[in-house]
Q: 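Got a structure here, written out as structure tokens. Questions coming.
Order of the sequence lines fixes the chain letters, A, B, ..., with proteins taken first and strands second; residue numbering starts at 1 for each chain. Values below: all heavy atoms of this structure, side chains included; hydrogens, waters and symmetry mates excluded.
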Protein chains: 2
Amino acid sequence: MQLSETVEWGLHACLALAMMPEGARIPARALAEYHGIKPGYFSKAMQKLVAAGIIQSVEGRSGGLAMAKQAEDVSLLQIVMALEDHKTFFRCSEIRQKGPCAAAPEHYRAPCNIARVMHKADAEWRRVLATTSLADLRLSAAAEPIPGVNEATQDWLAETGAVRGL
Amino acid sequence: MQLSETVEWGLHACLALAMMPEGARIPARALAEYHGIKPGYFSKAMQKLVAAGIIQSVEGRSGGLAMAKQAEDVSLLQIVMALEDHKTFFRCSEIRQKGPCAAAPEHYRAPCNIARVMHKADAEWRRVLATTSLADLRLSAAAEPIPGVNEATQDWLAETGAVRGL
DNA sequence: GTCGGGCTACTCGGATATTGGCTGTCCGAGTCTGACTGG
DNA sequence: CCAGTCAGACTCGGACAGCCAATATCCGAGTAGCCCGAC
């Protein structure tokens with residue numbers, strides 16, 4: 001039932017990309033290394049985000065990843081759903097229609113009360129994520145910096161030369 | 001990321017048990033057959049609900065399953081969490097502490113903003129399920145019956161003699 | 001007729017395969033950079 | 001000195017294994033009901 005760990009990766013990666021200057025790009029390998037993630041499987045998550053139009057990839061020697069949209073226009077829900085293939089938590093297989101006492105199918109137009117509650121819970125879960133954008137995260141992250149991380153990041157970027165396109 | 005299908009089974013089964021008269025019990029096999037479920041794996045879900053104290057099982061020749069609590073005292077969340085081992089959707093592995101630019105661990109007492117949002121979404125999901133009880137489901141199910149199902153159920157119960165303990 | 005005992009059938013619970021999806025690894029196609037060469 | 005060309009290296013994207021948990025199946029331990037026989 002748990003979300004794939006690529007969800008956590010994707011969210012942190014998108015937040016990192018959203019904090020980069022306009023036009024900058026960074027290779028997926030460097031982005032993975034920065035987060036302490038093995039690059040192989042991480043690239044799979046990035047591929048899904050590219051397919052969803054959330055980030056863009058530039059091929060070639062100085063290629064890399066960058067946001068494809070403004071941070072204000074990307075909700076956390078979009079990222080999560082892209083990585084989880086737009087699935088819902090609860091899946092109703094309509095078992096009420098399956099037993100020996102089931103009625104004719106035309107009597108089951110409305111979803112059952114169990115499915116209604118479960119889908120409502122799913123909707124609430126999504127609502128929270130839909131009403132939070134990457135820009136919101138960027139703002140709150142800037143408001144509560146971890147001491148030393150920003151400086152270390154700047155040094156690391158300069159040292160490795162991971163950022164291109166500026 | 002999806003919930004196990006045992007969640008759907010468990011919810012429908014609990015609702016069925018909650019609709020039975022006080023003191024009645026029904027074998028897991030019959031309960032599975034009534035819902036058109038293969039009995040083998042279904043019993044695993046029932047075992048978890050027994051371990052959680054939501055339903056009770058009676059062994060022996062005329063044994064079976066019955067509610068262990070009043071329907072008013074069982075929320076959908078309790079059922080789902082019992083079947084899903086009380087896991088949360090989002091798992092934060094604190095990757096912010098893992099990269100080459102991470103600070104000392106004592107600077108990461110508060111959860112990161114990403115985890116906060118995700119956990120808030122999880123909390124909203126649970127809130128919906130926690131505020132709905134089996135009694136609520138029983139009430140709404142009685143208010144909108146499917147034509148013929150109740151009669152067929154009574155006939156089926158009488159025919160198979162699945163209900164014991166009355 | 002009644003009581004006791006034992007047998008049988010039926011139940012739950014756990015041990016044991018199997019499968020599907022998430023995770024991990026690797027290699028090839030494509031492209032930009034940079035140097036080299038010729039004018 | 002400058003422009004064109006070419007080799008090289010680095011990038012993403014997809015194809016191919018490994019592993020864990022969800023799913024499925026089966027069998028054994030235990031118990032309640034029922035039958036039979038003795039009193």
Q: Within the distance-only criterion (no hydrogens, no angle test), does the side chain of B/Thr132 pair as donor or acceptor with the backbone N or O of B/Leu129 below 3.5 angstrom?
A: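 The answer is no, because no donor-acceptor pair under 3.5 Å joins these two groups.
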
Q: Could you encode protein contacts along nucleotides 23-33 of chain D as a string, one character per nucleotide from 5' to 3', using B for base contact, S for sugar-phosphate-only contact and - for no contact, with a heavy-atom cut-off of under 4.0 Å?
A: BBB----BBBB

Q: Using a strict cut-off of less than 4.0 Å between a Lys/Arg side-chain nitrogen and an Asp/Glu carboxylate oxygen, indicate whether A/Glu8 and B/Arg91 qualify as a salt bridge.
A: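 No, no charged N to carboxylate O under 4.0 Å.
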
Q: Taking atom P of D/dG14 as reference, at what distance in whole Å does atom CE of A/Met46 sit?
A: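 It is 15 Å, rounded to the nearest whole Å.
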
Q: Rounded to the nearest Å, what distance is computed from the CG atom of residue B/Leu83 to the C1' atom of nucleotide D/dA22?
A: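 Those two atoms, CG and C1', are 13 Å apart.
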
Q: What residues, two or more places apart in sequence or in another chain, satisfy side-chain hydrogen bond (donor to acceptor under 3.5 Å, both in side chains) together with A/Asn150?
A: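 Once residues adjacent in sequence are excluded, A/Asn150 has no partner under the side-chain hydrogen bond (donor to acceptor under 3.5 Å, both in side chains) criterion.
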
Q: Hey, are B/Glu33 and B/Lys38 close enough for a salt bridge, meaning a charged N less than 4.0 Å from a carboxylate O?
A: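 Salt bridge between B/Glu33 and B/Lys38, a charged N being under 4.0 Å from a carboxylate O: no.
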
Q: Identify the two heavy atoms, one from A/Pro145 and one from A/Ala142, that lie closest to each other, and give their separation to 0.1 Å.
A: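 Heavy-atom minimum between the residues: CD-O, 3.6 Å.
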
Q: Rounding to a whole Å, what distance do you find between B/Lys48:NZ and C/dC12:C1'?
A: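 One finds 17 Å between C1' of C/dC12 and NZ of B/Lys48, rounded.
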
Q: Using atom CG of B/Leu17 as one end and atom P of C/dC12 as the other, report the distance to the nearest whole Å.
A: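 Value for this atom pair: 11 Å.
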
Q: Expressed in angstrom and rounded to an integer, what is the separation of A/Lys87 atom NZ from C/dC22 atom C1'?
A: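 About 10 Å, once rounded to whole Å.
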
Q: Could you give the CD-to-P distance, from A/Gln2 to C/dT23, as a whole number of Å?
A: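 Taking atom P of C/dT23 as the reference, CD of A/Gln2 is at 10 Å.
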
Q: Considering only side-chain heavy atoms of A/Arg164, which listed nucleotide, C/dT11, D/dA22, D/dT11, is closest?
A: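 When the side chain of A/Arg164 is considered, D/dT11 is the closest of C/dT11, D/dA22, D/dT11.
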
Q: Rounded to whole Å, please give me the gap between CD in B/Gln47 and C1' in C/dT16.
A: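 To the nearest whole Å, that distance equals 14 Å.
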
Q: Which donor-acceptor pairs under 3.5 Å do the side chains of residues 47-68 of chain A make with protein atoms, sequence neighbours left out?
A:
from, atom 1, to, atom 2, distance (Å)
A/Lys48, NZ, A/Leu83, O, 3.3
A/Gln56, NE2, A/Met67, O, 2.9

